[in-house]
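Here the structure is a predicted model, which means the values were calculated and not measured. Throughout, residue positions are numbered sequentially from 1 according to the sequence presented. The figures here come from the full heavy-atom set of this structure, side chains too, leaving out hydrogens, waters and symmetry mates.
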Amino acid sequence: VGKEMILKKHWDDLKDKSYILSRRYFELGLLYRNSSQFTKAREMFKKAWQTDFRIRYFLHYLALILGVNNYNKFIAKPR
């Protein structure tokens with residue numbers, strides 16, 4: 001993912017800005033989730049809540065840990 005490359009490129013600038021960094025990890029998690037790459041999505045959600053704890057980040061991570069079907073029930077918006 002190109003956004004992951006951007007994070008690596010600008011790591012020195014972002015590492016001290018936990019709010020921005022965690023938000024970027026969360027956005028990457030959403031992109032991976034939407035493309036059915038659930039292992040990578042789980043990894044990004046975990047990095048997001050470990051970097052700057054937000055209940056939203058943690059709930060997305062927890063829902064993926066419990067399984068994709070549970071994720072769709074509790075987190076995903078109805079279409």
Looking at OH of Y61 and CG of L66, how far apart are the two atoms once the value is rounded to the nearest 0.5 Å? 10.0 Å
Minimal heavy-atom distance between A41 and G29, with the atoms involved, is CB-O, 3.4 Å
Applying side chain to side chain donor-acceptor pair (under 3.5 Å) to S35 and not counting sequence neighbours gives Q37
Could you pull out all residues at least two apart from R42 that satisfy side chain to side chain donor-acceptor pair (under 3.5 Å)? none
Which atom pair, heavy atoms only, marks the closest approach of T51 to K47? OG1-O, 2.6 Å
How long is the span from the CH2 atom in W49 to the CE atom in M44, to the nearest 0.5 Å? 14.5 Å
Taking atom CZ of R54 and atom CZ of F45, what is their separation to the nearest 0.5 Å? 15.5 Å
Can you tell me how far OH of Y25 sits from OH of Y32, rounded to the nearest 0.5 angstrom? 11.5 Å
Please identify each residue that fulfils ring pair (Phe, Tyr, Trp, His ring centres under 6.0 Å) with Y57, with sequence neighbours left out. F26
All side chain to side chain contact (heavy atoms under 4.5 Å, CB included) counterparts of L14, not counting sequence neighbours: L7, H10, I20, L21
Please identify each residue that fulfils salt bridge (charged side-chain N to carboxylate O under 4.0 Å, His left out) with K40, with sequence neighbours left out. E4, E43
Sequence-distant partners of E27, side chain to side chain donor-acceptor pair (under 3.5 Å), two or more places apart: R23, R24
